[in-house]
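A quick write-up on the structure given underneath.
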Amino acid sequence: MRSKVLYALLGVIAAAGLSACGGSDDDDNEFSSQSIIQFYNGSANSAQTTLRGTELTRINLSASYGDVSPAIDSVEAGFTEIEFLRIDSDDQEVIIETREVDIPDGQKTLVVLSGDFDSPTFNEYRFNREDDLDNHFRLFAVSVTADQSNFDLHMSDAGAPFSEANLLGTIEYENFEELVYWAPDSDSDDFDEGSYTIYLTAPGSTDVLFESNTIQFGFDTEYVLIIRGSSGAIQSGVEIDLVINSSNVVNLDDVNASAQYRIYNSLDNGAVNVSLQGNTATNPDENVAANSITSFTEVEFGDYRLTATSAADASLTFNNRLVTLNQGESKAILLYQDENDVLTSVSFNESTQPQVFDKQVAAANLVSDFVDVDLYFVRKDETIESAQFLISSIDPGEVKGVTLPSDFYELVAVFDDNEDTQVLLDRTELIGINEEANYIITIEESADSPTGYKISLLR
């Protein structure tokens, strides 16, 4: 049986794509001697962070919270200096930490950022790679939750209830360990490829805190389960990220997690009564005042029937609009009038990323008169021609997004007519997009605006 020890140092990052599967018999020597490096960001209040080699190396990639870089293979073994950095609102590099690390032959080094970003921890976890797994896989786990929680991790074959799950061990905060398969066969102690369910409980408890959907482990490789807190607009519960030698993270939500929504009424002429009804969940009706957005309402996940009626004009109404709220999901619902002055809605998922340094802003065009509206984010030393940030070509009823550094911006909405003449729909003063909030920007009709249109910033 292999050792379950992986020791932590500090780390390094990842770049070029790499197959999730092991090497073939023809390249055993090359496979076993490769040094691989990858970077995962598990700090909930972090900026997008880059790990970069300070010498002539290929180590230079980034990851935001809950994300992983690609894996760099064929990295030269030995000691090398690396630095961790972020980019501030003035596009300047901020060096977080610099250190020397040892990259061993034939091992994978997974660098994990965790803890409070004001005083972050960079742990480097190493393990040998195996090229002869043959329809088996290895499984590692670590917890990086902000409250430093420990968990008992249980696992069962797909379809089996929790009562038949196997306790694989207690996963302690920042303590990286390999898990042992409960049913090894004659040719391997490793996990059989196939479908499984993962459960988390508090240590020593049988009360399930987290239950995954069925997970297909289909590669003969090393998998790492990283337990972290949910973030962004919805911040309750835990999630699990599944990491292999790829830049794609498989995110596992709790199958029993709740969801949430909020509603914006863009109408100028009074409140709208809104009802959101599911098969089993009954939510009280809400009167959403004109030009206002509600706070978040937490509900059971599922499919809901949305009904809305204007308090000022009963002809402005719709029924049976489908709204799907999945586990751990936060959705915004915008009410507006379309080109026929009919009450309608558009909904979209809000970002699950932390909104500390970088803001993932959603913008909606609620104006039926114009297609391809451009929205510029103009800082104090910019014009729309020099503005670095832009959301282009937003059609009526469409929502698009952009990631902005925390800063002050003038918002400018422009339409190019058929003669390539720019028409100014509205502009704001310099306003701060600098709070820890999920921002929504709407472009709407307005009788009170000199142009007949207005920009609203919602948070």
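For clarity, every value in this text was computed on a predicted model and none was experimentally measured. The chain is numbered in sequence order, starting from 1.
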Note to self: Does the plane of the ring in Tyr181 sit parallel, tilted or perpendicular to the ring in Tyr196? Use 30° and 60° as the thresholds.
What the structure shows: perpendicular

Notebook entry, point to check: With the threshold set at 4.0 Å, does a side-chain nitrogen-carboxylate oxygen contact exist between Asp241 and Arg228?
Noted result: yes

Next item on the list: Look only at the side chain of Ser143 and the backbone of Glu172, and say whether a donor-acceptor pair between them is shorter than 3.5 Å.
Entry: no

Next item on the list: Verify side-chain contact (heavy atoms from CB on, under 4.5 Å) between Phe415 and Val367, making sure each step is shown before the conclusion.
Entry: CA-CA 11 Å; Phe415 166 71; Val367 176; over 6 Å; no

Notebook entry, point to check: Okay, side chain of Asp358, backbone of Ala47: is any donor-acceptor separation there less than 3.5 Å?
Noted result: no

Note to self: So which atom in Ser258 and which in Glu298 form the shortest heavy-atom distance, rounded to 0.1 Å?
What the structure shows: OG-OE2, 2.6 Å

Item checked: Atom of Leu335, atom of Ser345 and distance for their closest heavy-atom approach -> CD2-CB, 3.8 Å

Notebook entry, point to check: Any cation-pi pair here, Arg86 with Phe117, using under 6.0 Å and within 45°?
Noted result: no

Next item on the list: Indicate yes or no: at least one non-hydrogen side-chain atom of Arg459 is less than 4.5 angstrom from one of Asn438.
Entry: no

Item checked: Option among Thr294, Thr297, Leu334 that satisfies the side chain to side chain contact (heavy atoms under 4.5 Å, CB included) test with Ile263 -> Thr294

Margin query: Please report the interatomic distance CG(Leu276) to CG(Leu325), rounded to the nearest 0.5 Å.
Written below: 6.5 Å

Check: Are any of the side-chain heavy atoms of Glu164 and Ser156 separated by less than 4.5 Å?
Finding: no

Checklist line | Interatomic spacing from OG in Ser266 to CG in Leu343 - rounded to 0.5 Å | finding: 8.5 Å

Check: Do any N or O atoms from the side chain of Ser205 and from the backbone of Ala202 form a donor-acceptor pair under 3.5 angstrom?
Finding: no

Checklist line | Phe370/Tyr453 aromatic ring centres below 6.0 Å | finding: yes

Checklist line | Atom of Asp67, atom of Tyr40 and distance for their closest heavy-atom approach | finding: O-CD1, 3.4 Å

Margin query: Let's go through Leu113 and Tyr65 carefully: what are the C-alpha distance in whole Å and the side-chain angles of both, what is the deciding distance for side-chain contact (heavy atoms from CB on, under 4.5 Å) to 0.1 Å, and is it a yes or a no?
Written below: CA-CA 9 Å; Leu113 162 60; Tyr65 179 58; over 6 Å; no

Next item on the list: Given side-chain contact (heavy atoms from CB on, under 4.5 Å), test Leu242 with Val249 step by step and report yes or no.
Entry: CA-CA 6 Å; Leu242 191 61; Val249 170; 5.9 Å; no

Check: Does any donor atom in the side chain of Gln353 or Ser351 lie under 3.5 Å from an acceptor atom in the other side chain?
Finding: no

Checklist line | Note, Asp374 side chain near Ser393 side chain (heavy atom, < 4.5 Å) | finding: yes

Next item on the list: Identify which one of Asp185, Asp190, Asp220 satisfies the side-chain hydrogen bond (donor to acceptor under 3.5 Å, both in side chains) criterion when paired with His136.
Entry: Asp185

Next item on the list: Please answer whether the main-chain N or O of Glu435 pairs with a side-chain N or O of Lys359 as donor and acceptor at a distance below 3.5 Å.
Entry: yes

Margin query: Under the criterion side-chain contact (heavy atoms from CB on, under 4.5 Å), I'd like the reasoning laid out for Gln388 against Asp91: C-alpha separation, chi angles, the key distance, then a yes or no.
Written below: CA-CA 11 Å; Gln388 182 178 351; Asp91 296 326; 3.1 Å; yes

Check: Between the side chain of Ser212 and the main-chain N/O of Ile198, is any donor-acceptor distance below 3.5 Å?
Finding: yes

Margin query: Please find the pair of heavy atoms, one from Val371 and one from Pro396, that lie closest to each other, and give the distance.
Written below: CG1-CD, 3.6 Å

Next item on the list: Output yes when a side-chain donor or acceptor of Asn265 lies under 3.5 Å from a complementary backbone atom of Ser292, and no otherwise.
Entry: no

Notebook entry, point to check: Just by modelled atom types, is the Ser275 backbone N or O under 3.5 Å from a matching donor or acceptor in the Asp285 side chain?
Noted result: no

Checklist line | Side chain to side chain, Thr352 and Glu239, heavy atoms closer than 4.5 Å | finding: no

Margin query: Give me the atom names and distance for the closest heavy-atom approach of Pro405 to Phe389.
Written below: CD-CZ, 3.3 Å

Next item on the list: To the nearest 0.5 angstrom, please state how far the CZ atom of Phe357 sits from the CG atom of Asp88.
Entry: 10.0 Å

Notebook entry, point to check: If you round to the nearest 0.5 Å, how far is CZ of Phe408 from CD1 of Ile431?
Noted result: 10.0 Å

Margin query: Taking the side chain as everything from C-beta on, heavy atoms only, tell me whether Glu350 gets closer than 4.5 Å to Phe296.
Written below: yes

Margin query: I need the Leu153 CG to Tyr199 OH distance, nearest 0.5 Å.
Written below: 11.5 Å

Next item on the list: Answer yes if the side chains of Asn135 and Asp192 hold a donor-acceptor pair under 3.5 Å, and no otherwise.
Entry: no

Next item on the list: Kindly say whether Val272 contributes a backbone atom to a donor-acceptor pair with the side chain of Ser310 at under 3.5 angstrom?
Entry: no

Note to self: Please determine whether side chain to side chain donor-acceptor pair (under 3.5 Å) holds for the pair Thr324 and Asp303, giving the CA-CA distance in whole Å, both sets of side-chain angles, and the decisive distance to 0.1 Å.
What the structure shows: CA-CA 4 Å; Thr324 297; Asp303 298 312; 2.7 Å; yes

Check: If you round to the nearest 0.5 Å, how far is CG of Leu225 from CG of Leu252?
Finding: 7.5 Å

Check: Do Thr344 and Asp338 meet the criterion of a side-chain donor-acceptor pair at a distance under 3.5 Å?
Finding: no

Check: Taking the side chain as C-beta and beyond, is there a heavy-atom pair between Glu211 and Thr197 under 4.5 Å?
Finding: yes

Margin query: With no hydrogens and no angle check, just 3.5 Å: does a side-chain donor-acceptor pair link Ser69 and Gln38?
Written below: no

Note to self: Do Gln360 and Gln355 have side chains that approach each other closer than 4.5 Å (heavy atoms only, starting at C-beta)?
What the structure shows: yes

Check: Do Asn123 and Tyr125 meet the criterion of a side-chain donor-acceptor pair at a distance under 3.5 Å?
Finding: yes

Check: Is the ring centre of Phe191 less than 6.0 Å from the ring centre of Phe217?
Finding: no

Next item on the list: Give a yes-or-no answer on whether the side chains of Asp448 and Ser446 include a donor-acceptor pair shorter than 3.5 Å.
Entry: no

Checklist line | Contact check, side chains of Asn291 and Glu444, non-hydrogen atoms, under 4.5 Å | finding: yes

Check: Is a side-chain donor or acceptor of Asn340 paired with a backbone partner of Val342 at a separation under 3.5 angstrom?
Finding: no

Note to self: Tell me the closest heavy-atom pair linking Ala363 and Ile391, and the distance in Å.
What the structure shows: CB-CD1, 3.7 Å

Check: Sub-3.5 Å donor-acceptor pair from the side chain of Lys454 to the main-chain atoms of Asp426, do we have one?
Finding: no

Note to self: Once you measure the plane-to-plane angle for His154 and Phe162, does it fall in the parallel (<30°), tilted (30-60°) or perpendicular (>60°) bin?
What the structure shows: perpendicular

Item checked: Charged N-O contact under 4.0 Å between Asp73 and Arg129 -> no

